[in-house]
K.L.:
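Structure in structure tokens, see below.
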Amino acid sequence: GSAPSGRINPRAVQFMAELGYDLTRHASKSLDDIHGDFDAVVTMGCGDSCPWVPAKRREDWSLPDPKDLDDAGYRAVRDEISQRVRTLLVSL
């Protein structure tokens with residue numbers, strides 16, 4: 001991310017575990033640590049203030065940051081991201 005803390009939000013760990021994803025061994029990373037050629041880059045709601053990452057395709061998904069949402073809201077954002085990722089993969 002643009003300002004990584006080095007840790008994954010505990011609520012993200014909890015709600016992804018509900019779907020069988022174990023994020024306990026993951027850490028947030030700086031965009032400076034990610035290199036390569038990308039088919040697609042997705043940003044989430046930062047618009048023109050997003051850092052530049054070169055890609056063949058760029059999309060900004062204007063989604064609320066789930067960190068301050070209740071459990072149902074957090075799950076709704078998680079599920080919306082999942083659906084959008086599936087749609088993006090089909091289109092690539």
Side-chain angles (χ1 to χ4, degrees):
S2 56
S5 66
R7 67 179 186 83
I8 303 296
N9 182 308
R11 293 180 73 215
V13 172
Q14 172 191 345
F15 292 119
M16 292 305 289
E18 292 176 353
L19 301 179
Y21 296 100
D22 180 5
L23 300 183
T24 59
R25 293 190 177 114
H26 291 257
S28 63
K29 299 176 193 92
S30 170
L31 289 171
D32 295 334
D33 297 333
I34 300 172
H35 306 281
D37 297 322
F38 300 98
D39 291 323
V41 168
V42 174
T43 55
M44 295 196 192
C46 58
D48 291 339
S49 65
C50 286
W52 177 255
V53 176
K56 296 174 188 170
R57 179 173 172 177
R58 299 180 59 80
E59 293 189 17
D60 184 61
W61 296 346
S62 185
L63 296 169
D65 187 334
K67 70 180 180 182
D68 296 321
L69 299 178
D70 64 13
D71 291 357
Y74 209 106
R75 287 182 184 101
V77 172
R78 174 201 63 192
D79 295 345
E80 178 68 19
I81 291 169
S82 177
Q83 184 56 47
R84 289 184 187 206
V85 166
R86 291 172 197 273
T87 300
L88 176 61
L89 289 172
V90 168
S91 71
L92 292 176

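For clarity, every value in this text was computed on a predicted model and none was experimentally measured.
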K.L.:
Do Val77 and Val42 sit in the same hydrophobic cluster, where Ile, Leu, Val, Met, Phe, Trp and Tyr count as joined when their side-chain heavy atoms come under 4.5 Å apart?
P.N.:
yes
K.L.:
Quick one: pull up OG in Ser91 and CG in Asp39 and give me the separation to the nearest 0.5 Å.
P.N.:
10.5 Å
K.L.:
Taking atom CE of Met16 and atom CZ of Arg75, what is their separation to the nearest 0.5 Å?
P.N.:
12.5 Å
K.L.:
Is there a donor-acceptor pair under 3.5 Å between the side chain of Arg84 and the backbone N or O of Trp61?
P.N.:
no
K.L.:
Do Lys56 and Leu92 come close enough that some side-chain heavy atom pair is under 4.5 Å?
P.N.:
no
K.L.:
Under a single-linkage definition using a 4.5 Å side-chain heavy-atom cutoff for Ile, Leu, Val, Met, Phe, Trp and Tyr, are Ile81 and Leu89 assigned to the same hydrophobic cluster?
P.N.:
yes
K.L.:
Pro54 and Val41: which non-hydrogen atoms are nearest, and at how many Å?
P.N.:
O-CG2, 4.2 Å
K.L.:
Would you say CG of Asp37 has more than 12 non-hydrogen atoms from neighbouring residues, nucleotides or ligands within 6.0 angstrom?
P.N.:
no
K.L.:
Same hydrophobic cluster for Leu69 and Phe15, using side-chain heavy-atom links shorter than 4.5 Å among ILVMFWY?
P.N.:
no
K.L.:
With a sphere of 6.0 Å drawn around OH of Tyr21, does it hold more than 12 non-hydrogen atoms of other residues, nucleotides or ligands?
P.N.:
no
K.L.:
Counting only N and O atoms by type, is there a donor-acceptor contact under 3.5 Å from the side chain of Ser82 to the main-chain atoms of Arg78?
P.N.:
no
K.L.:
Output the distance between atom NZ (Lys67) and atom CG (Asn9), rounded to the nearest 0.5 Å.
P.N.:
8.5 Å
K.L.:
List the atom of Ala40, the atom of Ala55, and the distance in Å for their closest heavy-atom pair.
P.N.:
C-CB, 4.1 Å
K.L.:
For Ile8 versus Ala27, what's the shortest heavy-atom pair and its separation?
P.N.:
CD1-C, 3.8 Å
K.L.:
Any idea which heavy atoms bring His26 and Asp22 closest together, and the distance?
P.N.:
CD2-O, 3.6 Å
K.L.:
With rounding to the nearest 0.5 angstrom, report the CG to CG distance, Asp79 to Leu19.
P.N.:
6.5 Å
K.L.:
Roughly how far apart are Asp65 CG and Tyr74 OH, rounded to 0.5 Å?
P.N.:
7.5 Å
K.L.:
Among residues at least two apart in sequence or on other chains, which ones pass salt bridge (Lys or Arg N to Asp or Glu O under 4.0 Å) with Asp71?
P.N.:
Arg11
